[in-house]
Amino acid sequence: MKVLHSCHEAFAHAHHVRLEGQRLGFVPTMGALHEGHLALVRRSKEECDATAVSIFVNPTQFGPGEDYQQYPRTLEQDCQGLRDLGVDFVFVPTAQDLYPVGFSTYVHPPRVAEPLEGKFRPGHFRGVATVVLKLFHIIPATAAYFGRKDYQQLLVIRRMVEDLNVPIRIVDCPTVREADGLAMSSRNRYLSPQQRQAALCLWKALNAARERLASGEREGAALQRHMLDVLYDQGADRVDYAVVADPDTLEPLQEVDRTAIALIAAHVGKTRLIDNLLLEPSPPDEPN
Ligand code: PAF
């Protein structure tokens, strides 16, 4: 497995793979890899002839006071895991490589970036969209793999790729969970054993919404209130949002009369966690 540091080398390598007519799968990451990332790599390996991974903790997607400095950096371990999976090359640029002196061009993210994360982390999706577009130029892959845990990010990237005619297929992959339901996240490493237990409140609240819906409650606001109750009752210290929304636009739904998505961002101690779950209303004539 090659570990490439310069944009030029990464482009040359990716370009070569494509010129040979091979399908190149790409998994962009910020490192601190866990099973969720590895599942993206496995999917890419199943579907493509070669797989590239990038590891870059992107400063432009962190706001002031967020965890850019503390974000776990475990490059050696990450590379070992990727090597074991048979990844072809890893791109590990520095911040100076991607944002050299004078850098001043950013992607204005699509409308779907505005609610939820967009409200609580202003500038976050501008940074994500910018770095992802840059990475897509450096690694002109056939397909790129993203986890559904970052659901809004997935919608932002899908829209950006469509709007800006980027010829890369975006593949969304299911959230990988621990045995007890906690969504895998690099930020789970911040949790103490007690907080790790409390962090389950997100998964419990999402399931509580699903159960309430199954028992006949279709009012979006009532489902949201129920999620908030469960979150605070089960260990959240602060909730940024707990909403039931349209899965394409992320507009809150007044009534869940079609597929919806429940999305949560909550703090446990100093750690901010996100999670989501698709909700299907049961047919009206079916007894619950
Ligand atoms: O999901 C992530 O890890 C990051 O937001 C991404 C897509 C690698 C961009 O920095």
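The chain is numbered in sequence order, starting from 1. Counting starts at 1 for both ligands and their atoms, in listed order. Reckoned from all heavy atoms, side chains included, excluding hydrogens, waters and symmetry mates.
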Practice task
Between Thr29 and ligand 1, find which residue part has any heavy-atom pair under 4.0 Å and reply side chain, backbone, both or neither.
Solution key: backbone
Practice task
Pick, from Met30, His37, Gln61, the option with the minimum heavy-atom distance to atom 9 (C) of ligand 1.
Solution key: Gln61
Exercise for the section: Please name all residues satisfying side-chain hydrogen bond (donor to acceptor under 3.5 Å, both in side chains) with Thr60, sequence neighbours left out, ordered by chain then number. Expected result: Asn58, Tyr99
Problem - Asn58-ligand 1 polar pair, N/O distance under 3.5 Å - result: no
Practice task
Decide, yes or no, whether a salt bridge links Glu35 with Arg42 under the criterion of side-chain N to carboxylate O below 4.0 Å.
Solution key: yes
Handout entry: Glu47 bridged to Arg169 by N-O distance under 4.0 Å
Key = yes
Problem - Sub-4.0 Å atoms of ligand 1 with respect to non-hydrogen atoms of Gln153 - result: 1 (O), 2 (C), 4 (C), 5 (O), 7 (C)
Handout entry: For Val131, the ligand 1 atoms whose distance to one of its heavy atoms is below 4.0 Å
Key = 9 (C), 10 (O)
Exercise for the section: Assign the ring pair Phe26 / Phe136 to parallel, tilted or perpendicular, where the plane angle (0 to 90°) is split at 30° and 60°. Expected result: perpendicular
Exercise for the section: Give me the ring orientation class for His34 and His37: parallel if the planes are under 30° apart, tilted from 30 to 60°, perpendicular past 60°. Expected result: tilted
